[in-house]
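Below you'll find the structure, written out as structure tokens, and then a few comments.
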There are 2 protein chains.
Amino acid sequence: MALAGNRPHRPATIKDIARELNVSISTVSRVLRDMPDVNAETRQAVLQMAEKLDYQPNQVALSLVTKRTHTLGVIVPNLDHFFSVAVRGIDDLALEAGYTAMICQSNESYAREMVNTQRLMKSRVDGLIVSISSDTFNVDHFKRLLQKNYPIVFFDRVGSDLAATKVLLDNVAGAAMAVTHLIEQGCRRIAYLAGPANLSISQQRLIGYTDTLRKYGIPIEEELIVYSEFDRDYAYSCTLDLLSRPNRPDAIFAVSDRLAVGALLALKEKNVQVPEEVALVGFNDEPLMRLLTPAVSSVAQSAFDMGRTAAQLLIEQMSSETTLPHRTVMLKPTLIKRDSSLRKKTETT
Amino acid sequence: MALAGNRPHRPATIKDIARELNVSISTVSRVLRDMPDVNAETRQAVLQMAEKLDYQPNQVALSLVTKRTHTLGVIVPNLDHFFSVAVRGIDDLALEAGYTAMICQSNESYAREMVNTQRLMKSRVDGLIVSISSDTFNVDHFKRLLQKNYPIVFFDRVGSDLAATKVLLDNVAGAAMAVTHLIEQGCRRIAYLAGPANLSISQQRLIGYTDTLRKYGIPIEEELIVYSEFDRDYAYSCTLDLLSRPNRPDAIFAVSDRLAVGALLALKEKNVQVPEEVALVGFNDEPLMRLLTPAVSSVAQSAFDMGRTAAQLLIEQMSSETTLPHRTVMLKPTLIKRDSSLRKKTETT
DNA sequence: AACGTTACCGGCAACGTTACCGGCAGCGTT
DNA sequence: AACGCTGCCGGTAACGTTGCCGGTAACGTT
């Protein structure tokens with residue numbers, strides 16, 4: 001009975017195998033799940049038929065009865081270098097643990113983040129890994145889920161007032177490392193390109209910035225702290241503005257590499273010597289940074305590890321019978337020093 | 001009956017609503033699907049209760065009966081800049097069309113590509129969008145699916161002998177543009193960093209390269225065509241090798257930007273003047289290229305459009321009753337000329 | 001001869017949802 | 001008074017799979 005017509009593809013089911021072999025679907029199911037209580041010959045026949053019909057178990061039906069999809073939802077604001085690598089980390093651990101990741105991009109939009117969560121909930125993903133969008137000021141949609149004990153792990157961009165498991169960088173320490181380094185290089189008027197004010201990374205890194213200045217007895221000047229969009233062009237114009245002031249800074253610490261690149265473009269255009277006149281440090285250590293001229297210093301973090309541990313925590317939480325207490329894992333950054341902030345070159349040689 | 005214990009989260013079902021309201025599940029279903037034959041008051045009550053219980057339709061159950069998951073599987077070799085943007089294009093159209101994308105990375109590994117496809121088939125995704133890994137020499141797993149009329153669209157990296165719908169760049173034209181440009185700039189000994197020989201993009205771009213040389217009557221020298229891994233360090237050492245030869249090239253055309261960057265690093269290290277001694281053109285026009293010193297010329301393609309059209313074609317194919325004929329869509333590249341290949345600077349000013 | 005054990009297999013409910021059919025009032029028409 | 005229509009609603013099978021229970025034949029034990 002060759003029914004391989006021009007039809008839209010009908011995958012073989014356990015029933016097909018049973019019918020073809022004149023056994024019950026229970027028996028087929030037993031074979032396919034490697035259960036006992038089945039004759040060796042029957043087992044063999046079923047396995048052969050499964051192979052022949054190219055049988056693939058229907059995860060959908062299985063999910064309906066087990067209430068587990070073995071899928072985890074991921075919502076990231078974008079897929080820039082950092083998040084791409086983080087997603088790879090998630091994917092990596094998910095594969096090991098037998099899960100598949102559904103990756104959605106919120107495109108930094110609150111509305112899209114909502115749609116994404118809703119879609120993922122409809123698909124009954126077993127848990128969520130989220131880095132919130134820069135446009136998200138209201139996190140009620142996540143709070144509702146958390147209240148129902150739905151497993152969610154936030155990473156990198158976490159809501160400040162969310163009681164949940166989180167994986168993040170020690171942003172205070174990272175900023176402190178950058179600013180300390182700049183001070184050691186002789187900088188005294190260090191500007192901070194802060195990014196969007198609502199994000200916790202901006203706030204945390206601001207704390208590291210101010211703490212360090214205080215520690216070294218350097219006055220904190222409000223006008224050296226510049227908020228902006230997460231956008232290179234924005235950083236570019238902010239930097240031009242900084243440079244046009246009578247009392248220009250002698251260093252710039254950018255909350256992200258994207259902003260650091262914008263700053264560098266402005267500096268180069270104005271023919272400002274880097275690092276002699278203005279030193280520069282970014283954040284994330286994207287591969288691009290070492291390729292720029294001059295190579296730009298940056299605070300490095302392992303996005304891969306962050307993604308992996310986020311997935312790890314989520315899967316632990318999901319496989320646990322009881323609701324586990326919320327945890328916060330903090331990863332340590334490292335500072336990569338490059339030409340853009342190394343004034344005392346004699347030291348290194 | 002407050003059963004909101006410390007339990008693993010049980011989403012409300014249509015049954016819960018029915019029980020709470022003492023109506024049948026049929027009626028609830030009718031309301032939720034906006035069907036007629038239901039009293040206005042009943043309708044109102046059901047909607048309120050759905051809201052109150054935070055009801056989300058169970059896509060899993062729905063998929064089981066409709067045999068459509070409204071999910072499309074995506075397999076990409078990695079999530080570098082090009083594929084990130086392509087995935088965004090896919091995601092973008094999928095969202096519009098009411099689909100969600102399941103994105104898997106093969107990590108350029110054949111084994112992982114197999115596992116990914118299998119997982120996606122088990123999850124009964126409605127269709128597949130694939131860019132094959134550089135490690136994949138055997139595409140039988142895709143051929144089997146295509147024979148069963150399972151909808152697959154390949155993009156960018158397509159298997160050469162696969163009868164399927166494809167979206168790709170006019171790679172021949174792209175390479176021809178690059179090489180023509182280099183010739184017009186006075187280059188005569190143009191090396192080609194070709195990447196892995198099994199990929200069709202390498203082959204196609206080779207055709208554009210040789211065709212153009214032939215057209216201008218420039219002899220094709222085998223030793224100027226260098227195959228390598230898709231790896232920056234590899235390109236770096238290949239370039240060093242090229243430079244060490246007695247008869248060094250006066251231009252390098254790289255099959256991808258990643259390789260072009262490797263080449264640039266080698267050129268800079270050897271203090272070779274770019275473009276005066278050796279001109280350089282890459283492929284993909286990653287944002288990084290305009291930030292390098294010198295800014296590197298590159299053949300630009302819209303990864304976003306490619307992703308979008310791939311998704312478009314797939315969804316068309318999936319929603320069609322009959323099996324549509326395979327199509328091949330070719331997108332046109334554009335050449336972005338920058339300092340790395342502009343020798344005749346007087347011309348432009 | 002009655003009983004227990006073992007090896008093997010099939011039937012059935014359930015998961016959440018929709019499609020289809022049937023039923024019952026209440027009303028108007030002949 | 002019989003009929004048909006309309007508005008509203010409930011019951012049930014089906015999707016593919018698993019878990020549980022029950023059944024039967026063959027064999028050994030007392």
Side-chain angles (χ1 to χ4, degrees), chain A residues 7-47 49-50 53-71 98 119 121-126, chain B residues 7-47 49-50 53-71 98 119 121-126:
Chain A
R7 230 180 320 293
H9 171 69
R10 207 194 67 96
T13 78
I14 214 172
K15 271 187 190 171
D16 297 327
I17 302 179
R19 186 169 6 87
E20 214 73 13
L21 256 46
N22 271 320
V23 296
S24 75
I25 56 173
S26 304
T27 302
V28 178
S29 174
R30 268 190 293 264
V31 173
L32 263 24
R33 277 176 305 138
D34 241 1
M35 304 244 87
D37 282 358
V38 43
N39 184 286
E41 290 178 28
T42 319
R43 186 180 295 274
Q44 200 56 31
V46 169
L47 289 177
M49 186 55 71
L53 298 183
D54 199 17
Y55 171 79
Q56 289 285 75
N58 187 333
Q59 179 64 43
V60 175
L62 222 168
S63 296
L64 183 60
V65 44
T66 62
K67 291 169 185 296
R68 315 199 117 243
T69 52
H70 280 271
T71 302
R119 290 259 175 95
M121 295 317 296
K122 276 178 66 168
S123 298
R124 294 294 190 268
V125 294
D126 292 340
Chain B
R7 231 180 320 294
H9 171 69
R10 209 194 65 96
T13 75
I14 216 173
K15 272 186 189 172
D16 297 326
I17 301 178
R19 188 169 5 89
E20 214 74 15
L21 257 45
N22 271 321
V23 296
S24 75
I25 57 172
S26 304
T27 303
V28 178
S29 175
R30 268 189 293 262
V31 173
L32 264 24
R33 278 176 304 138
D34 241 1
M35 303 246 88
D37 282 358
V38 44
N39 183 286
E41 291 179 28
T42 318
R43 185 181 295 273
Q44 199 58 30
V46 168
L47 289 176
M49 185 56 71
L53 297 183
D54 199 17
Y55 172 80
Q56 289 283 75
N58 187 333
Q59 178 64 43
V60 175
L62 222 167
S63 296
L64 184 59
V65 43
T66 61
K67 291 168 186 297
R68 316 197 115 245
T69 53
H70 281 274
T71 301
R119 290 260 175 94
M121 294 319 295
K122 276 178 66 169
S123 297
R124 295 293 192 268
V125 294
D126 291 340

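- No contact: V60(A) has no heavy atom under 4.0 Å from any strand.
- Atoms CG (N39(A)) and C1' (dA25(D)) sit 14 Å apart, rounded to a whole Å.
- Judged purely by atom type and a 3.5 angstrom limit, T13(B) uses its side chain to pair as donor or acceptor with the backbone of K15(B).
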Evaluation steps, side-chain contact (heavy atoms from CB on, under 4.5 Å), between T69(A) and Q59(B) = CA-CA 11 Å; T69(A) 52; Q59(B) 178 64 43; over 6 Å; no
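- A donor-acceptor contact shorter than 3.5 Å links the side chain of S123(B) to the backbone of R119(B).
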Counting primed atoms, P, OP1 and OP2 as sugar-phosphate and everything else as base, the B/S/- map of nucleotides 15-23 of chain C against protein heavy atoms under 4.0 Å is BBBSB----
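- A donor-acceptor contact shorter than 3.5 Å is absent between the side chain of S29(B) and the backbone of I25(B).
- Among the atoms of the strands shown, only primed sugar atoms or phosphate atoms (P, OP1, OP2) are found under 4.0 Å from some heavy atom of T42(A).
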Distance-only donor-acceptor hits, side chain of residues 36-46 of chain B, under 3.5 Å, sequence neighbours excluded:
from: N39(B); atom 1: OD1; to: E41(B); atom 2: N; distance (Å): 2.7
from: R43(B); atom 1: NH2; to: M35(B); atom 2: O; distance (Å): 2.8

According to the Watson-Crick and G-U wobble definition with distances under 3.5 Å, which dot-bracket string, read 5' to 3', encodes DNA chain D, using [ ] for crossing pairs and | for pairs with another strand?
-> ||||||||||||||||||||||||||||||
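- The two residues H70(B) and D126(B) have their closest heavy-atom pair at N-OD2, 2.7 Å.
- Closest non-hydrogen pair, L32(B) versus Y55(B), comes out as CD2-CE2, 3.6 Å.
- Atom NE2 in H70(A) sits roughly 16 Å away from atom P in dT17(D) (whole-Å rounding).
- Annotation for L64(B) and V60(A): closest pair N-CG1, 3.7 Å, computed over non-hydrogen atoms.
- At whole-Å resolution of the value, CZ in R43(B) and C1' in dC9(D) are 13 Å apart.
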